[in-house]
Amino acid sequence: MGAKFGLKDTFANYKLTQVFMNVEKILIELEKKHPGEVEYIQAVKEVLESIEEVYNQNPHFESAGIIERLVEPDRILTFKVPWVDDHGQVHVNLGYRVQYNNAIGPYKGGLRFHPSVNLSILKFLGFEQIFKNALTTLPMGGAKGGSDFNAKGRSDGEIMRFCHSFMLELWKMIGPETDVPAGDIGVGAREIGYLYGMYRKLAGENTGVLTGKGRAWGGSLVRPEATGFGNVYFANEMLKTKGETLEGKRVCISGFGNVAWGAATKASQLGAKVVTISGPDGYVYDPDGISGEKVDYMLELRASNNDVVEPYAAKFGATFHAGKRPWEVPCDIALPCATQNELNKQDAETLVKNGCWCVCEAANMPSTPEAIAVFQDAKILFAPGKAANAGGVATSGLEMTQNSMKISWTREEVDAKLHQIMINIHEQCQLHGKRPDGYVDYVKGANISGFLKVASAMLDQGVV
Ligand code: NDP
Ligand code: 2IT
């Protein structure tokens with residue numbers, strides 16, 4: 001054997017006996033190893049079931065242990081985050097960064113600050129991020145992080161002190177070429193600013209270590225809107241397959257955060273009528289449509305740290321439905337924009353019964369597996385978050401490119417690139433998701449496309 005260990009030699013060392021993936025066995029073992037991590041197991045199960053067939057067609061995958069290496073993160077950092085409130089009281093939260101897989105690029109993925117955050121949720125999000133990032137066609141690996149910090153009722157000073165303390169630990173394992181965090185639930189422009197400020201001070205550098213930055217210090221135009229815009233661009237591609245457009249369609253949106261805001265803005269720009277938004281307190285039904293100043297008001301509501309949508313109803317004369325979800329409102333299109341497992345089997349049945357024919361996920365894993373089965377059995381258009389919300393991280397990738405090149409693109413340039421990326425992702429889903437009867441299984445299509453890219457990179461690079 002020569003000094004160089006070439007690709008062919010590497011493959012020659014894999015044992016090529018035909019062993020098939022046993023999804024059930026893998027899941028039982030994972031559940032034993034990680035008891036109680038339900039969201040993580042849910043996300044893994046969906047991907048494994050989708051890719052089983054293509055996986056078994058290539059014996060190299062099993063010989064190289066691709067599944068075992070994909071389902072476990074490369075590493076997990078957990079740390080405590082002590083901070084002082086406005087009254088001098090000390091609080092301690094838990095902080096995490098889950099670096100999942102960097103076969104195709106630096107670890108990349110958001111930070112979530114929400115009291116519900118735990119390792120299961122961050123592992124599901126990090127795992128999903130691997131395939132989502134691969135779908136964007138940009139060189140980004142998968143990661144996620146966050147904290148169980150609850151911003152509700154907290155002052156700006158408290159949020160700043162929390163973010164600074166969080167970064168005092170996180171900065172050791174991130175960098176513009178190694179791991180680039182961004183926002184997610186509870187982490188928007190304000191939090192990214194405080195996090196960046198502390199990183200800059202500690203590392204003594206101004207680099208693209210975070211995305212979602214302010215425009216004046218390296219941020220990209222369109223990043224705040226990107227997830228919602230990209231989601232609606234994706235929905236538009238789905239509608240085109242039926243010869244339809246968004247013009248005149250009724251749209252139900254859940255959530256009232258960053259993603260819901262972007263989706264409401266673009267959907268109404270393209271002629272749709274957005275009739276609902278929601279929060280943990282219930283949903284608002286506005287039959288006149290949520291557009292213009294009403295969409296701007298969503299930003300005010302979110303920035304108030306009060307976590308309620310009810311004030312919208314009083315301000316604009318809409319109706320508020322306490323403790324309910326928006327899926328009972330008849331619509332053509334549903335865009336879940338709040339959080340995981342927010343749309344269950346019963347909600348799905350109600351949507352279909354009321355005539356909904358397109359569900360395009362903007363949140364991560366908002367539909368339960370049973371709800372997805374209802375949509376697919378009814379043969380309505382259904383797109384999973386990892387394809388349909390990839391516009392956010394794709395625009396983060398565009399921000400990284402601009403930072404590396406020390407340039408900034410115009411709004412039109414970024415928006416055009418985002419739009420094209422969403423069209424490409426839609427094509428990838430069709431390529432691998434089209435069934436013989438013509439129905440497109442976007443879940444399968446997205447999982448197979450993302451998986452093949454990452455798995456082939458892992459094969460090329462050997463066992464590391
Ligand atoms: P925000 O923090 O801006 O908004 C999240 C919204 O959802 C809040 O209004 C939140 O309220 C609400 N919410 C949380 N739980 C529930 C619930 N059970 N019922 C109703 N509303 C709820 O986060 P984003 O808009 O950034 O994120 C929304 C979703 O989009 C998440 O799934 C996220 O992972 C996903 N996503 C985000 C991207 C981004 O770039 N920001 C990119 C891709 C996906 P509260 O805080 O009170 O719970
Ligand atoms: O879930 C997601 O894709 C995000 N929260 C955005 C991640 C990013 O790095 O922009």
Side-chain angles (χ1 to χ4, degrees), residues 39 105-117 121-122 124-133 135-136 138 140-146 149-153 179-192 208 210-213 220 223-231 253-264 276-284 298-299 301-309 323-327 335-343 361-367 384-400:
E39 294 86 359
Y107 297 108
K108 180 84 194 88
L111 297 171
R112 176 177 290 194
F113 293 168
H114 195 270
S116 63
V117 162
I121 288 177
L122 296 181
F124 117 64
L125 289 163
F127 184 70
E128 293 278 284
Q129 201 82 44
I130 304 172
F131 308 103
K132 183 196 304 192
N133 293 2
L135 284 170
T136 66
L138 302 173
M140 298 182 289
K144 203 80 188 189
F149 175 70
N150 188 357
K152 190 170 175 167
D179 184 352
V180 183
D184 193 80
I185 291 181
V187 179
R190 173 184 51 187
E191 290 76 17
I192 293 291
L210 294 165
T211 56
K213 298 185 293 298
S220 175
R223 178 62 188 90
E225 301 89 333
T227 309
F229 276 25
N231 178 256
I253 285 182
S254 61
F256 68 108
N258 170 266
V259 173
W261 163 72
T276 66
I277 52 171
S278 73
D281 54 333
Y283 77 87
V284 165
M298 284 168 70
L299 291 180
L301 267 184
R302 190 73 195 122
S304 73
N305 283 354
N306 285 325
D307 284 346
V308 284
V309 282
K324 295 239 172 118
R325 300 202 264 222
W327 315 127
L335 305 178
C337 296
T339 193
Q340 65 277 351
N341 293 328
E342 54 154 317
L343 196 164
E361 293 186 337
N364 285 305
M365 208 168 75
S367 310
K386 69 165 74 67
N389 74 27
V393 74
T395 309
S396 280
L398 300 176
E399 183 170 324
M400 288 165 71

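First listed ligand is number 1; within each ligand, the first listed atom is number 1. In this text, all values refer to a predicted model and were calculated from it rather than measured experimentally.
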Output the list of atoms in ligand 1 that are nearer than 4.0 Å to some heavy atom of Ala363, sorted by atom number. 29 (C), 30 (O), 32 (O), 35 (C)

Which bit of Asn364 is near ligand 2, meaning a heavy atom under 4.0 Å away: side chain, backbone, both or neither? side chain

Quick one: look at Arg302 and ligand 1, take heavy-atom pairs under 4.0 Å, and tell me if it's side chain, backbone, both or neither. side chain

Considering non-hydrogen atoms of the protein only, which is the closest contact for atom 7 (C) of ligand 2, and what is the distance? Gly110 N, 3.5 Å

Residue-level breakdown please: for Arg223 versus ligand 1, do any non-hydrogen atoms fall below 4.0 Å on the side chain, on the backbone, on both, or on neither? side chain

Considering only non-hydrogen protein atoms, determine which one is nearest to atom 6 (C) of ligand 2 and report residue, atom name and distance to 0.1 Å. Arg223 NH2, 3.5 Å

Is a side-chain N or O of Asn389 found less than 3.5 angstrom from the main chain of Glu361, in a donor-acceptor match? no

Would you mind checking which non-hydrogen protein atom is closest to atom 6 (C) of ligand 1, with the distance to 0.1 Å? Gly257 N, 4.1 Å

At under 4.0 Å between heavy atoms, is it the side chain or the backbone of Thr227 that contacts ligand 1, or both, or neither? side chain

What are the atoms of ligand 2, with element, lying closer than 4.0 Å to any heavy atom of Gln129? 1 (O), 2 (C), 3 (O), 7 (C)

Assess Pro280 for proximity to ligand 1: is some non-hydrogen atom of it under 4.0 Å away? yes

Any idea which protein heavy atom is nearest atom 12 (C) of ligand 1, and the distance to it? Ala338 CB, 4.2 Å

In Å, rounded to the nearest 0.5 Å, how long is the span from OG of Ser396 to CG of Leu210? 10.0 Å

Exactly one candidate in Thr211, Thr136, Asp179 meets side-chain hydrogen bond (donor to acceptor under 3.5 Å, both in side chains) with Lys108; the answer is Thr211

Do any N or O atoms from the side chain of Asp307 and from the backbone of Lys152 form a donor-acceptor pair under 3.5 angstrom? no

Indicate, as side chain, backbone, both or neither, the part of Cys337 found under 4.0 angstrom from ligand 1 when only non-hydrogen atoms are considered. backbone

Which ligand 2 atoms are under 4.0 Å away from a heavy-atom of Gly183? 4 (C), 5 (N), 6 (C)

Asn389 to ligand 1: N or O pair under 3.5 Å? no

Return a yes/no value for Asn364: is any of its N or O atoms, backbone included, closer than 3.5 angstrom to an N or O of ligand 1? yes

Geometric N/O contact His114 with ligand 1, under 3.5 angstrom: yes

Just to be sure I read this right, does ligand 1 sit under 4.0 Å from the backbone of Ser254, its side chain, both, or neither, counting only heavy atoms? neither

For Gly186 and ligand 1, does the shortest N/O to N/O distance drop below 3.5 Å? yes

Of all protein heavy atoms, the one nearest atom 2 (C) of ligand 2 is Lys132 NZ, 3.2 Å

Give yes or no for whether the N/O distance cutoff of 3.5 Å, strictly under, is met between Lys108 and ligand 2. yes

Are any of the side-chain heavy atoms of Asn231 and Val259 separated by less than 4.5 Å? no

Looking only at protein heavy atoms, identify the closest one to atom 33 (C) of ligand 1 and say how far it is in Å. Asp184 OD1, 3.2 Å

Heavy-atom side-chain proximity of Trp327 to Pro336 below 4.5 angstrom: yes

Close side-chain approach of Ile121 to Arg112, heavy-atom, < 4.5 Å: yes

Flag the pair Gln129 / Val393 as yes when at least one side-chain heavy-atom distance between them is below 4.5 Å, and no otherwise. yes

Counting non-hydrogen protein atoms only, what is the nearest one to atom 23 (O) of ligand 1? Give residue, atom name and distance. Ile185 CA, 3.3 Å

Using non-hydrogen atoms of the residue, decide whether Arg112 is closer than 4.0 angstrom to ligand 1. yes

Flag the pair Ser254 / Glu342 as yes when at least one side-chain heavy-atom distance between them is below 4.5 Å, and no otherwise. yes

Please work out, at 4.0 Å between heavy atoms, whether the side chain, the backbone, both, or neither of Glu342 comes within that distance of ligand 1. neither

Checking side-chain hydrogen bond (donor to acceptor under 3.5 Å, both in side chains) between Asn364 and each of Glu39, Lys386, Lys132, which is the one that passes? Lys132

Asn258 side chain to Asp184 main-chain N or O, any donor-acceptor pair under 3.5 Å? no

I'd like to know whether ligand 2 has Lys144 as a neighbour, heavy-atom separation below 4.0 Å. yes

So which heavy atom in the protein is nearest atom 15 (N) of ligand 1, and how far is it from that ligand atom? Thr339 CG2, 3.5 Å

Evaluate the side-chain proximity of Val117 to Leu122: yes if any heavy-atom separation is below 4.5 Å, no if none is. yes

Name the closest protein heavy atom to atom 41 (N) of ligand 1, giving the residue it belongs to and the distance to 0.1 Å. Asn258 OD1, 3.7 Å

Between Arg223 and Glu399, is there a salt bridge with N-O shorter than 4.0 Å? no

What do you reckon, does Val259 have a nitrogen or oxygen under 3.5 Å from a nitrogen or oxygen of ligand 1? yes

State, with a plain yes or no, whether a side-chain heavy atom of Trp261 is found less than 4.5 Å away from one of Pro224. yes

Side-chain heavy atoms of Glu191 within contact of Leu111, under 4.5 Å: no

For Ala182, take its heavy atoms, then give the atoms of ligand 2 lying under 4.0 Å from any of them. 8 (C), 9 (O), 10 (O)

Among Gly397, Ala363, Ser396, which one puts a heavy atom closest to atom 10 (O) of ligand 2? Ser396

